[in-house]
Amino acid sequence: MNRVPARKTPFRWPRPSRRTALVLAGMAAALLVLFLLFDWNWFKGPVERQVQARTGREFRIGGNLDVDLGRVTTVRADGLRLANAGWSKEPTMAAAQRMELDIEVWPLLHGEVRIPEIRLLQPRLRLETGPGKQGNWDFGPGGGADIRFHRLWVQDGRLQYIDAAQKTDIDIRLDSVAPQGERSAPSVAVQGDGHWTGEPFQLRGHADSPLALRDTRQPYRIDLRAQAGPTHAHARGTLLDPLRLRGFDLKLRLSGRDLEDLYPLLGIALPPTPPYRLDGRFTRAGNTWRYDGFAGQVGDSDLAGTASVTVGRVRPLFEASLVSRRLDFDDLAGFVGASPQSGAGETGNTPLETQAAQRRAQGRVLPDTPYDLAKLRAMDADVRWKAHRINAPKLPLDDMDAHLRLDGGLLHLDPLNFGVAEGDIRSTIRMDARTDTIRTRADIAVRRLNLGRLFPDAEITRTAIGRIGGDVAITGTGNSVAHILGSADGDIAIGMGKGQISNLLMELAGLDIAESLKFLLTRDKTVPVRCAFGDFAVQDGVMHARTLAFDTTDTLIVGRGDISLKEETLDLELRPRPKDRSLLALRSPLVVGGTFRDPSFRPDFKRLGLRGATALALGSIAPPAALLATLELGPGKDAGCGGRYAR
């Protein structure tokens, strides 16, 4: 028997009770009211507390807080303020009239904070150093967050940097510039002024968006011009990880009034120089900052080479390899405490020209500007400098090769060589500035100087022939060249071997009036020179002549007296012994006196005819053996120095 299936009863939701209906209606009304009355400002307190927890600084949102929800949510906040470090006199470190930032929502679920863009209106940021060189940007443990930024737009921004201990205060205005492409970040126009280590400071140029600083894998491009006092710099190129300056590749042009001005700015102790301009490649590798392939001018000299500064040591190490194709000799004056020449055709600066004028007014020749002991001890150095040609109109200089080493205030110049008049002057100098008074030793070897080229402006010596040699070994104490020489002890011996010299010069020295007039009215001739030499003992800055002689076939001149390096005075008596029988030979002594700047040469007629002094030193006229070894006396019977007049 077949059964008929039962009909299914459709499911129905239970009819809500009146009470339930009232609850649901109330919840819906509450949601509607919440939606209508909702204010994002309710979240200001939690946000402020979160920022304060991360930075350890008070944070306030003084204006409205608003949010536009979406896959990329936009947050707007007005009147932002972040408190400064407790030691600062200024209560606010950072502030902004308005901040808008876009946040990607989905990465938040994975613990990532991605901010595609930040827009700031009138942001203000004050960076400063305090006690112990501590920066107010150091928020301590827990400071900062793992946040990824992409774009930043700044309108009417201001960045201040203050380091009172270094006399530095810089105020920079920042404004974003529209990007060139859709994917590129906007760059920032930079304009600022203030003081850098006490010098007036200006900054102009542009750089990539500051957000690019966080990406240490991509180069950060800059093109900035800065001026601190008389020093100018133009840096253009790229930096890698610029916040820590771990690597960069820049073209850097430097120019200024004086390289010495770099000491307060960069801590590099260089001597005074005329104005300079240099351009090269600026890089960093580890603790070494390099200036490679630079070229330019210092005063009237060209200068090229490489230089580096290594930090992270007890003292910075400055190393350089320098080359000059043409070196203007007076540009080296700052190395010895003197001033470069000034006037027409010379490149100088006002302070150095003022010093030169003061020195001329004093009538002194030896440089008396003290060396700066603090600079000599501030860094170590290893510098090699070669000059292929030297411009010195009044000096017959050819070239230069110098190697300077400085270690904790102990300076060595080894060698300091100059090509002079087809010969050379080779020096080794040691200066110990580790005490309050510099102790100096100088050993100088003079070899094969051509007498005819030694005085290029003197017409009377152009026909001279002969090679000059000798040795200088002195020690002295003092903090300037003048004081070192004014206290010197040691020996100075200089001489010339076989050669020839103007007959007129010798006749004038012997005051043979008849012969001198004859040569003046007709034509000068030359006479052979057997030898010439001076051997001086130096004590407390005074050179005392042990033997002094000039021997030719016509005349023997013997001398005595002193030269004071301390007072810069001359007091020498040269007594000629003409070998001919001229009736008009006055045979009076020639007195060399005056000062180094204004020497005088005059006959002493009061001693005319006196013969007592004629024999001075004739018994010891021969040069010392050490000097004799440096002279080219040549072969033959006349090679003996002094001959029968010496016996």
Side-chain angles (χ1 to χ4, degrees), residues 330 332-341 352 354-373 394-395 425 427 429-433 435-444 446 454-455 470-495 509 532-550 557-575 589-604 606-607 613 616-617:
D330 73 293
L332 295 175
F335 286 85
V336 293
S339 301
Q341 296 180 9
L352 292 181
T354 301
Q355 291 178 13
Q358 292 173 347
R359 185 171 289 110
R360 286 193 298 269
Q362 294 170 355
R364 305 284 291 187
V365 173
L366 299 177
D368 58 0
T369 301
Y371 290 102
D372 191 326
L373 296 179
K394 295 183 179 180
L395 297 171
I425 298 178
S427 306
I429 299 174
R430 180 184 187 272
M431 300 178 67
D432 189 347
T435 59
D436 291 340
T437 303
I438 300 175
R439 298 191 301 272
T440 301
R441 177 177 179 84
D443 293 287
I444 304 170
V446 180
L454 199 56
F455 305 100
D471 292 291
V472 177
I474 58 173
T475 60
T477 58
N479 293 346
S480 69
V481 171
H483 285 94
I484 292 169
L485 294 177
S487 64
D489 296 317
D491 299 283
I492 297 177
I494 198 81
F533 62 88
D535 180 26
F536 296 87
V538 185
Q539 185 173 7
D540 195 24
V542 177
M543 299 170 55
H544 178 71
R546 288 185 288 225
T547 55
L548 186 60
F550 198 108
I557 298 176
V558 293
R560 65 179 180 180
D562 299 322
I563 300 174
S564 176
L565 302 175
K566 181 182 298 183
E567 303 297 332
E568 297 191 11
T569 57
L570 302 163
D571 184 15
L572 296 173
E573 177 188 303
L574 304 178
R575 183 172 290 274
L590 181 67
V591 176
V592 181
T595 65
F596 290 1
R597 182 169 295 279
D598 187 21
S600 64
F601 303 86
R602 58 181 176 81
D604 189 347
K606 293 180 180 179
R607 303 183 186 182
L616 75 93

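For Q539 (side chain) and G490 (main-chain N/O), no donor-acceptor pair under 3.5 Å exists by modelled atom type. Side chain of T475 to backbone of T440: no donor-acceptor contact under 3.5 angstrom is found.
Side-chain contact check for R441 versus I429: every heavy-atom pair is 4.5 Å or farther apart. N479 is listed as a side-chain neighbour of I438, based on a closest heavy-atom distance under 4.5 Å. The side-chain heavy atoms of V472 and D443, taken from C-beta on, include no pair separated by under 4.5 Å. Taking the side chain as every heavy atom from C-beta outward, V542 and K566 never approach each other to under 4.5 Å. Under the 4.5 Å side-chain criterion, counting only non-hydrogen atoms from C-beta, V446 is not in contact with D471.
Remark: D432 engages R434, R439 in a side-chain hydrogen bond (donor to acceptor under 3.5 Å, both in side chains) (not counting sequence neighbours). The side-chain hydrogen bond (donor to acceptor under 3.5 Å, both in side chains) search around D571 returns none, not counting sequence neighbours.
In plain terms, the two heavy atoms of D562 and L572 that are nearest each other are N-CD2, 3.7 Å. Across all their heavy atoms, A433 and L373 have their closest contact at CB-CD2, 4.1 Å. Heavy atoms only, all atoms of each residue included: G534 and L548 are closest at CA-CD1, 3.7 Å.
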(message) side-chain contact (heavy atoms from CB on, under 4.5 Å), that's the test. Do I425 and S427 meet it? Break it down for me.
(response) CA-CA 7 Å; I425 298 178; S427 306; 4.2 Å; yes
(request) List the steps and the verdict of salt bridge (Lys or Arg N to Asp or Glu O under 4.0 Å) for D491 and R546. (result) CA-CA 10 Å; D491 299 283; R546 288 185 288 225; 2.8 Å; yes
